[in-house]
Amino acid sequence: TIQRILHGIQFYNIIKNSFLKLKEDLRKIAIALISQYGDEAQTIAMLRAAEFAASLNSIEWAKWEEIALLIENIDQLPLDG
């Protein structure tokens, strides 16, 4: 029915917005780590990921793996100059 379709669209939009917010939050963490630790930021993120992996916390592990990748990608961006 139309009502189910509309509920499906609402659910999709909620999930999409939550995902986009999480991605932006992880990007902000990556930038903060770069600001604080410079060249060591990716190492710090990888150590955090390893800590969560060792404690079998897969959600936090995945977040910190993503942060480490974001740091790598940010570090590879050309500097404006």
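Quantities reported herein were computed from a predicted structural model and do not represent experimental measurements.
Lys21 pairs by the side chain to side chain contact (heavy atoms under 4.5 Å, CB included) definition with Asp25, not counting sequence neighbours. Under the rule for a side chain to side chain contact (heavy atoms under 4.5 Å, CB included), the partners of Ser55 that lie at least two apart in sequence or sit in another chain are Phe52, Asn57.
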Show every donor-acceptor pair shorter than 3.5 Å between a side-chain atom in residues 27-34 and any protein atom, with sequence neighbours excluded, or say none if there are none.
residue: Arg27; atom: NE; partner: Glu24; partner atom: OE1; Å: 3.1
residue: Arg27; atom: NH2; partner: Glu24; partner atom: OE2; Å: 2.8

Only pairs under 3.5 Å count here: list side-chain donor-acceptor contacts from residues 43-51, not counting sequence neighbours, and write none if there are none.
none

With a cut-off of 3.5 Å and sequence neighbours excluded, list every side-chain donor-acceptor pair involving residues 63-70.
residue: Lys63; atom: NZ; partner: Glu60; partner atom: OE2; Å: 3.1
residue: Glu65; atom: OE2; partner: Trp61; partner atom: NE1; Å: 3.1

Show every donor-acceptor pair shorter than 3.5 Å between a side-chain atom in residues 7-20 and any protein atom, with sequence neighbours excluded, or say none if there are none.
residue: Asn13; atom: ND2; partner: Ile9; partner atom: O; Å: 3.4
residue: Asn17; atom: ND2; partner: Asn13; partner atom: O; Å: 3.2
residue: Ser18; atom: OG; partner: Ile14; partner atom: O; Å: 3.0

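The salt bridge (charged side-chain N to carboxylate O under 4.0 Å, His left out) pairs that include a residue from residues 31-42 number zero, where partners must be two or more places apart or lie in different chains.
At most 12 non-hydrogen atoms from other residues, nucleotides or ligands lie less than 6.0 angstrom from CD of Gln3.
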